Number of protein chains: 2
Amino acid sequence: MTAPPRVSDLTPLISRSVPFLLHCAAFHSTRCVADALEPVGIEPRHFGVLCTLHSSGPLSQGSLGERLGIDRTTMVQLVDDLERRGLVERKRNPHDRRSYQLTLTPAGEETWARAKELAEGSEDQVLAVLDDDERDALRELLARVVLAHDRP
Amino acid sequence: MTAPPRVSDLTPLISRSVPFLLHCAAFHSTRCVADALEPVGIEPRHFGVLCTLHSSGPLSQGSLGERLGIDRTTMVQLVDDLERRGLVERKRNPHDRRSYQLTLTPAGEETWARAKELAEGSEDQVLAVLDDDERDALRELLARVVLAHDRP
DNA sequence: TATTGTTATACTCTATAACTATA
DNA sequence: TATAGTTATAGAGTATAACAATA
C-alpha cells in the first residue's frame with residue numbers, strides 16, 4: 001500500500017471526502033498494527049489467521065481462506081509462513097486425507113496472546129486524539145456503515 | 001485492492017477492531033466512488049487530479065504528484081490517460097521548458113463538475129445508514145484521527 | 001551538475017490455470 | 001467426476017534506475 005499524501009496539501013474537495021479520510025485512517029491504523037506486531041515477527045494478515053484459528057480452529061486451509069476472504073493459493077503461502085515459524089501445525093484430517101486440520105501450536109497460542117496485546121496497544125495509539133466516548137462512537141458508526149455493505 | 005470478507009464470518013477479535021473496520025469502510029467507499037465515476041470514464045485517482053488542477057492549477061507533473069502522494073513515473077501514466085481523453089492539456093512552461101503547465105481543458109472542467117456530483121452522490125450512498133448528525137460526527141472523528149497522523 | 005519528464009525494468013501482491021492426491 | 005492443496009504463471013499497481021532535454 002502506498003502512503004497517503006499530506007492532508008494540508010490537498011484541496012478540501014478531496015481532504016474532506018469520506019472515502020479519502022477512510023483511506024488515510026485505514027492506512028495509518030494498518031501501519032501502526034504492522035509496526036506493533038514486528039517484535040513477534042508476524043504481519044497483520046498472519047494475526048488474522050492466528051485469531052481465527054484461536055477462536056474457531058481447527059479449520060482446513062480452504063475454509064480458513066473463505067472466512068478471511070483470502071484466495072486459497074495465497075493461503076498456502078500464509079500458512080507456510082506460520083508453519084515455518086512453528087506457530088501453526090498442518091495435521092491431516094483422518095476423515096478426508098485431502099484436507100488439513102490447521103491448529104495453533106503452544107507457541108502459536110502464546111504468540112497470539114502477545115500479538116493481541118500489541119494490536120490493542122496500537123489501536124490506542126491510532127485513536128490517541130479521541131477520548132473514550134469518541135472512540136466508542138467512531139467504532140459504532142464504522143460498524144454500522146460496514147455492516148450495511150456486508151454480503152448476505 | 002481485494003474485497004474484504006463477510007463480517008459475520010469473522011471472530012469479533014477481528015471484526016470489532018478499528019483497523020479492520022476502517023479497511024472495510026475504505027474499500028466499500030472507494031468502490032462506490034469508482035462505480036459512480038464509471039459513466040464519465042475516469043477512476044478515483046483521475047478525479048483527484050482533476051480536483052487538484054481545478055482548485056490549484058496550473059501545476060507541473062512533479063508538483064502535482066507531490067501533492068497527491070503519487071510517484072512521478074506513475075503520474076506520467078495518469079496524465080497520459082487524462083490527456084488521451086481530452087480532459088487535461090500539457091502546455092510547456094515558457095520560463096522552464098523542462099516542465100509542463102498542466103491545465104484542465106473546457107471538457108476537463110465539465111467532467112470535473114459532473115464527477116463531483118457523482119462522487120458526492122456515492123458518498124450519500126455509502127453513508128445511507130447514518131443520519132445527517134451521524135455523518136457529520138463520523139467525518140469529524142475521522143478528520144481528527146487523520147490529521148493527528150499527518151506529516152508536518 | 002541538477003532537475004523534469006520519460007521509458008524500461010523490477011518488485012509486490014494477488015489471481016488464474018494446471019497439476020497431484022485423495023474422494 | 002469433483003475437491004483440497006500446491007505450483008507455475010500472469011496480471012495489476014507501484015517503485016527504482018537509467019536516459020534525454022533543459023536549466
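A, B, ... follow the sequence lines: proteins, then strands. Residue 1 opens every chain. This is a predicted model, so every value here is computed, not measured.
Residue-to-nucleotide proximity on DNA chain C shows that, of B/Gln101 and A/Ile70, the 5′-proximal contact is made by B/Gln101. Each of B/Arg92 and A/Asp71 has a nearest nucleotide on DNA chain C; the 5'-most of these lies closest to B/Arg92. Comparing A/Ala3 and A/Gly62 by the nucleotide of DNA chain D whose heavy atom lies nearest to each, the residue mapping closer to the 5' end is A/Gly62.
For A/Arg97, the CZ atom is loosely surrounded, since the number of other residues' heavy atoms within 6.0 Å does not exceed 12. Sparse packing is recorded around CD of A/Glu38, with 12 or fewer heavy atoms of other residues, nucleotides or ligands lying under 6.0 Å away. The environment of CZ in A/Arg151 is crowded: more than 12 heavy-atom neighbours from other residues, nucleotides or ligands sit within 6.0 Å. Other residues, nucleotides and ligands contribute over 12 non-hydrogen atoms within 6.0 Å of the CD atom of B/Glu83.
OP1 or OP2 of D/dA15 lies within a sub-4.0 Å distance of a side-chain N or O belonging to A/Thr2.
In this entry the distance linking CG of A/Leu64 with P of D/dG5 reads 9 Å, nearest Å. Nucleotide D/dT14 holds its C1' atom 9 Å from the CD atom of B/Gln77, rounded to whole Å. Nucleotide C/dA21 holds its P atom 12 Å from the OH atom of A/Tyr100, rounded to whole Å. One can place NZ of B/Lys91 at 16 Å from P of C/dG5, the figure rounded to the nearest angstrom. C/dT3 atom C1' lies 12 Å from atom CD of B/Glu66, rounded to whole Å. In this structure, A/Leu59 places its CG atom 10 Å from P of D/dG5, rounding to the nearest Å. Put simply, CE on A/Met1 is 13 Å from C1' on D/dT14, counting in whole angstrom units. Here the P atom of nucleotide D/dA12 and the CG atom of B/Asp81 are 13 Å apart, to the nearest Å.
Note on A/Arg90: only backbone sugar-phosphate atoms sit closer than 4.0 angstrom, heavy atoms only; bases stay farther off. Contacts of A/Thr73 with the nucleic acid, taken as non-hydrogen atoms under 4.0 Å apart, include base atoms. Contact annotation for A/Ser60: backbone-only contact, meaning every heavy-atom pair under 4.0 Å involves sugar-phosphate atoms and none involves a base.
Linking ILVMFWY side-chain heavy atoms closer than 4.5 Å, directly or via other members, places A/Leu138 and A/Phe27 in two distinct hydrophobic clusters.
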Polar atoms only, N or O, under 3.5 Å: list the protein pairs with nucleotides 19-23 of chain D and their distances.
unit_1: D/dA23; atom_1: OP1; unit_2: B/Arg97; atom_2: N; d: 2.8

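In summary, B/Glu134 and A/Arg144 engage in a salt bridge, as defined by a charged side-chain N under 4.0 Å from a carboxylate O.
Of all heavy-atom pairs between B/Ser15 and B/Phe20, the closest is CA-CD2, 3.6 Å. Between B/Leu53 and B/Leu102, the shortest heavy-atom contact is CD2-O, 3.6 Å.
From B/Glu66, atom CD reaches atom CZ of A/Arg6 across 7.5 Å, with rounding to the nearest 0.5 Å.
Residues of residues 20-58 of chain B having a heavy atom closer than 4.0 Å to DNA chain C: none are found.
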Open item on the list: Could you go through A/Phe47 and A/Leu37, starting from their C-alpha distance and side-chain angles, then the distance that decides it, and tell me whether this counts as side-chain contact (heavy atoms from CB on, under 4.5 Å)?
Closed with: CA-CA 8 Å; A/Phe47 181 53; A/Leu37 292 179; 3.8 Å; yes

